[in-house]
Structure formats: structure tokens, C-alpha cells
Participant: 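Take this structure, written in C-alpha cells, and hold onto it; I'll ask about it next.
Sequence positions, counted from 1, serve as the residue numbers for this chain. Please read all numbers here as calculations on a predicted model, not as lab measurements. When reading the values below, keep in mind they use all heavy atoms of this one structure, side chains included, and skip hydrogens, waters and symmetry mates. Each ligand, and each atom within it, is numbered from 1 in the order the structure gives.
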Amino acid sequence: MQDSLLRAIEREELSVLYQPQLFLETGHAAGAEALVRWERPEEGLIPPERFIPLAEESGAILDLGRWVLESACRQAALWQRSLRGLRVGVNVSVLQLEHPGFPGVLEEILRSTGAAPEGIVLEITESALLEHERRATEALWRIRGSGVRLAADDFGTGYSSLSYLDRFPVDYIKIDRSLVRRLETNGERTASLLEALVVFAHSLKMRVVAEGLETGVQLELLRGMRCDIGQGLLFSEPLPAEEAEAFLRERLLPRSP
Ligand code: C2E
Ligand code: MG
Ligand code: MG
Ligand code: MG
């Protein structure tokens with residue numbers, strides 16, 4: 001699998017799906033998250049949770065991640081012209097982030113695709129970042145300085161969530177789907193925690209995104225606590241770019257007069 005992963009890009013076996021994100025209060029389009037897929041001839045679709053860790057082990061993540069970033073920025077550049085104000089999230093491995101060439105690669109991709117940096121959100125998993133703090137911090141500040149936005153992904157699954165927010169220049173907190181699920185099963189306790197998190201995030205001008213939103217009950221609870229954005233099967237599964245575009249186009253913010 002390691003070997004064929006290295007050749008998957010050349011063989012055009014990788015593709016990117018886009019999962020729509022909506023503002024919870026109004027239902028308007030907020031953006032989409034780019035999610036990589038690997039279609040192997042004999043095996044069919046392999047989920048990223050099976051091959052991203054392998055790619056990280058072998059180092060293939062640098063090429064793979066660059067390919068995803070470039071695809072997503074090319075798509076974002078198109079959408080920035082036709083669907084105003086939408087942001088495209090791209091998952092970035094901490095191994096990419098701590099590679100000294102990464103900020104330069106990102107700037108080059110923004111230039112060549114014409115994507116506006118303000119429309120790109122790099123999603124970084126919280127727990128990974130804390131382990132690689134020193135080198136990653138420098139890269140994050142440089143990247144944020146170029147206008148690209150940052151999101152703390154899978155928030156609530158790591159260990160030092162609050163200190164993380166104090167140290168890294170993030171614009172979005174993505175609440176992990178395990179916490180969103182606990183809203184219903186664990187009730188009051190999880191609700192209070194998330195409610196406080198939203199207040200805290202807003203006081204620092206961050207937006208909160210709920211991942212894995214599956215039920216109307218979750219939606220109402222999150223809307224009630226002023227969580228900003230939702231992403232999950234309740235709205236849409238990850239879709240090919242054209243289908244995601246059609247979904248988002250129907251929900252665009254009305255043009256201001
Ligand atoms: P993630 O960044 O937290 O992405 C959200 C995952 O939740 C996606 O899984 C998405 O399909 C899934 N999801 C969306 N809505 C729902 C829902 O309502 N319920 C449930 N149960 N799940 C939902 P996916 O696409 O399998 O990706 C899994 C993980 O793989 C991602 O988690 C991300 O960490 C990683 N990944 C995906 N694409 C890339 C990539 O291009 N680069 C890197 N480094 N990692 C990636
Ligand atoms: Mg993500
Ligand atoms: Mg993640
Ligand atoms: Mg996540």
C-alpha cells in the first residue's frame with residue numbers, strides 16, 4: 001500500500017470531495033471542507049483514515065498534501081468568482097506544517113491558482129499540533145500573516161484545548177463530532193461546556209464550527225448557543241465539486257444592495 005500510495009497521484013487515483021458548511025442562524029452558505037478520497041482499482045474507495053497515517057509514516061504526505069491543497073485552491077479560486085464569500089477548508093497534516101518549505105509552497109499555490117488567501121482555511125488537528133509545537137507555531141504565524149485562515153480541527157479530542165487557543169492564531173474552532181454527539185446523550189453537561197466555549201471563542205473573534213451535525217435536535221441546541229457554522233450529514237455528505245457548488249449556490253447570502 002505504501003508503494004502504490006506514492007504512485008496514486010500520478011495514476012490520478014486521488015480525488016477531492018467538498019462537504020458544504022452552512023451558517024446555523026440563517027441557513028446561508030458559509031463554505032466547504034475539502035476531503036481527499038483514494039480510489040484503488042481492485043479495492044475501491046479507501047477512506048482517508050486508512051491511508052493518511054500511512055502517508056505520514058512514509059513521507060508521501062508532503063506530495064499528497066500538496067496535491068490536495070492545489071486542487072482545493074484551484075476550486076476555491078473558481079468559487080471565489082462565482083459564489084461570493086465562501087471559504088474552502090483544507091486539512092493539513094502537522095508534518096506538512098512543520099516542513100520548512102511549507103509556507104513557501106502555500107504562497108506559490110495561492111499565486112498559481114489565483115485563490116484569495118482570505119478564502120482558504122487550513123484545518124489542523126489540535127492534538128498533533130501540540131506535539132510539534134515549536135516548529136509549527138512559527139509556520140502558523142507566517143501563514144496567518146499572509147491572510148490564510150486557520151482552524152483548530154477535532155477540537156475537544158486532545159488534551160490542552162484551552163492553552164492551544166491561547167498560543168495559536170486560529171480563526172475557527174471545529175468542535176469534534178464526538179462532542180456534538182454527546183450534546184444529545186450527555187445533555188446538560190456537554191451543552192454547558194460548548195456554550196462556554198462559544199462565548200469564549202466569540203470574545204476572541206473566533207468562529208465555532210460544529211462537525212458531524214446529524215440531527216435536528218443537535219442543530220437547535222447549537223443554534224441556541226450561538227454556534228456559528230455547521231457541517232454534517234444533516235445538511236449534506238461530502239460531494240463532488242459540481243454538486244457541492246449547486247448545493248451552495250442555492251443558499252448564497254443575498255447580495256447587499
Ligand atoms: P475531519 O477533518 O475531521 O473531517 C470530517 C470527517 O467527518 C470527514 O470524514 C467527513 O466525511 C466526516 N463527516 C461529515 N459529516 C459527518 C456526519 O454527520 N457524521 C459523521 N459520523 N461523520 C461525518 P473523512 O472524509 O472520512 O475524513 C476523515 C479525516 O481524514 C478528516 O477528518 C481529516 O482528519 C482526514 N483527512 C481528510 N482529507 C484529508 C487531506 O486532504 N489531508 C489530510 N492531512 N487529512 C485529511
Ligand atoms: Mg477537517
Ligand atoms: Mg482532522
Ligand atoms: Mg474534524
Participant: Starting from the Mg ion (ligand 4), look over the N/O/S atoms of D154 and name the nearest one.
Facilitator: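 Nearest to the Mg ion (ligand 4) within D154's N, O and S set: OD1.
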Participant: Of all the heavy atoms in R37, does at least one lie under 4.0 Å from an atom in ligand 1?
Facilitator: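 Checking ligand 1 against R37, which is what was asked, there is a heavy-atom contact under 4.0 Å.
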Participant: Tell me whether the count of non-hydrogen atoms from other residues, nucleotides or ligands lying under 6.0 Å of CD in E25 goes above 12.
Facilitator: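 No, CD of E25 has 12 or fewer neighbouring heavy atoms, counting only those of other groups under 6.0 Å.
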Participant: Could you check which of E211, E56, E237, R177 puts a non-hydrogen atom nearest to atom 6 (C) of ligand 1?
Facilitator: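 Comparing heavy atoms across E211, E56, E237, R177, the nearest one to atom 6 (C) of ligand 1 lies in R177.
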Participant: Taking the Mg ion (ligand 2) as the reference point, name the nearest N/O/S atom of E33.
Facilitator: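 Closest N, O or S atom of E33 to the Mg ion (ligand 2): OE2.
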Participant: N/O of Q19 under 3.5 Å from N/O of ligand 1, yes or no?
Facilitator: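 Such a contact does occur with ligand 1.
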Participant: Indicate, as side chain, backbone, both or neither, the part of V36 found under 4.0 angstrom from ligand 1 when only non-hydrogen atoms are considered.
Facilitator: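 For V36, backbone and side-chain atoms both sit under 4.0 Å from ligand 1.
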Participant: At a threshold of 2.8 Å, where the distance has to be below it, does the Mg ion (ligand 2) have an N, O or S atom of T125 nearby?
Facilitator: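 Looking at T125, which is the residue asked about, there is no N, O or S atom under 2.8 Å from the Mg ion (ligand 2).
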Participant: Contact between P238 and ligand 1, counting heavy atoms under 4.0 Å?
Facilitator: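 Distance cut 4.0 Å: P238 passes for ligand 1.
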Participant: Could you pull out, from Q218, R181, E33, the option with a heavy atom nearest to atom 5 (C) of ligand 1?
Facilitator: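 Nearest heavy atom to atom 5 (C) of ligand 1 lies in E33.
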Participant: Just checking, any donor-acceptor pair under 3.5 angstrom between side chains of T125 and D154?
Facilitator: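 Per modelled atom types, T125 and D154 side chains form a pair under 3.5 Å.
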Participant: Can you list the ligand 1 atoms lying under 4.0 Å from a non-hydrogen atom of V68?
Facilitator: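 So the answer, numbered in order with elements, is 41 (O).
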Participant: Of the backbone and side-chain N, O or S atoms of E211, does one lie nearer to the Mg ion (ligand 2) than 2.8 Å?
Facilitator: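 Under 2.8 Å: E211 has no N, O or S contact with the Mg ion (ligand 2).
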Participant: Is there a path from V208 to V217 through hydrophobic residues (I, L, V, M, F, W, Y) whose side chains come within less than 4.5 Å of each other?
Facilitator: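 Linked, V208 and V217 end up in one cluster.
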Participant: Under 4.0 Å from any heavy atom of I52, which atoms of ligand 1 are there?
Facilitator: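 Selected atoms, number and element: 42 (N), 43 (C), 45 (N).
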Participant: What closest approach, in Å, do A29 and L22 show between heavy atoms, and which atom pair accounts for it?
Facilitator: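 So the two residues come closest at CA-CD2, 3.8 Å.
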Participant: The test is side chain to side chain donor-acceptor pair (under 3.5 Å); show your working for T215 and E184 and say whether it passes.
Facilitator: CA-CA 9 Å; T215 72; E184 263 175 292; 2.9 Å; yes
Participant: Between T125 and ligand 1, which residue portion shows a heavy-atom distance shorter than 4.0 Å: side chain, backbone, both, or neither?
Facilitator: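 Looking at T125 and ligand 1, no heavy atom falls under 4.0 Å.
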Participant: Specify which N/O/S atom of D153 comes nearest to the Mg ion (ligand 4), by atom name.
Facilitator: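 Of the nitrogen, oxygen and sulfur atoms in D153, the Mg ion (ligand 4) lies nearest to OD1.
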Participant: How about CD on E138, more than 12 heavy atoms from neighbouring residues, nucleotides or ligands closer than 6.0 Å, or not?
Facilitator: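 No, not enclosed.
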Participant: Which pair of heavy atoms, one from G156 and one from L179, lies closest together, and at what distance?
Facilitator: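 What the structure gives for the nearest pair is CA-CD1, 3.9 Å.
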Participant: Carefully, step by step, assess L17 and E33 under the rule side chain to side chain contact (heavy atoms under 4.5 Å, CB included).
Facilitator: CA-CA 8 Å; L17 297 182; E33 177 178 6; over 6 Å; no
Participant: Looking at S236, is its backbone amide N or carbonyl O close enough to the side chain of Q19 to form a donor-acceptor pair, meaning the two atoms are under 3.5 Å apart?
Facilitator: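 A pair under 3.5 Å: yes.
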Participant: Is the positively charged end of R249 above the ring of F247, judged by distance under 6.0 angstrom from the centroid and angle within 45° of the axis?
Facilitator: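 Pair R249/F247 does not count as cation-pi.
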Participant: For the Mg ion (ligand 2), find the closest N/O/S atom on E123 and give its atom name.
Facilitator: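 Considering only N, O and S atoms, E123 comes nearest to the Mg ion (ligand 2) through OE1.
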Participant: Considering all heavy atoms of both residues, which atom of A244 and which atom of W79 are nearest to each other, and what is their separation?
Facilitator: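 Reported closest heavy-atom pair: CB-CH2, 4.1 Å.
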Participant: For ligand 1, indicate whether the residue D153 contacts it via side chain, backbone, both or neither (heavy-atom separation under 4.0 Å).
Facilitator: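 It is the side chain that gets close, since no backbone atom is under 4.0 Å.
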Participant: Is the contact between L233 and ligand 1 made by the side chain, the backbone, both, or neither, using heavy atoms and a 4.0 Å cut-off?
Facilitator: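 It is both backbone and side chain that touch ligand 1.
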Participant: Select the closest option to atom 21 (N) of ligand 1 among E214, E49, R50, Q96, judged by heavy-atom distance.
Facilitator: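 Among E214, E49, R50, Q96, the closest heavy atom to atom 21 (N) of ligand 1 comes from E214.
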Participant: Taking Q218 for the side chain and E214 for the main chain, is one N or O donor matched with an acceptor at less than 3.5 Å?
Facilitator: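 Yes; judged by distance alone, with no hydrogens or angles, the pair exists.
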Participant: For ligand 1, indicate whether the residue K174 contacts it via side chain, backbone, both or neither (heavy-atom separation under 4.0 Å).
Facilitator: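 Answer for K174: neither.
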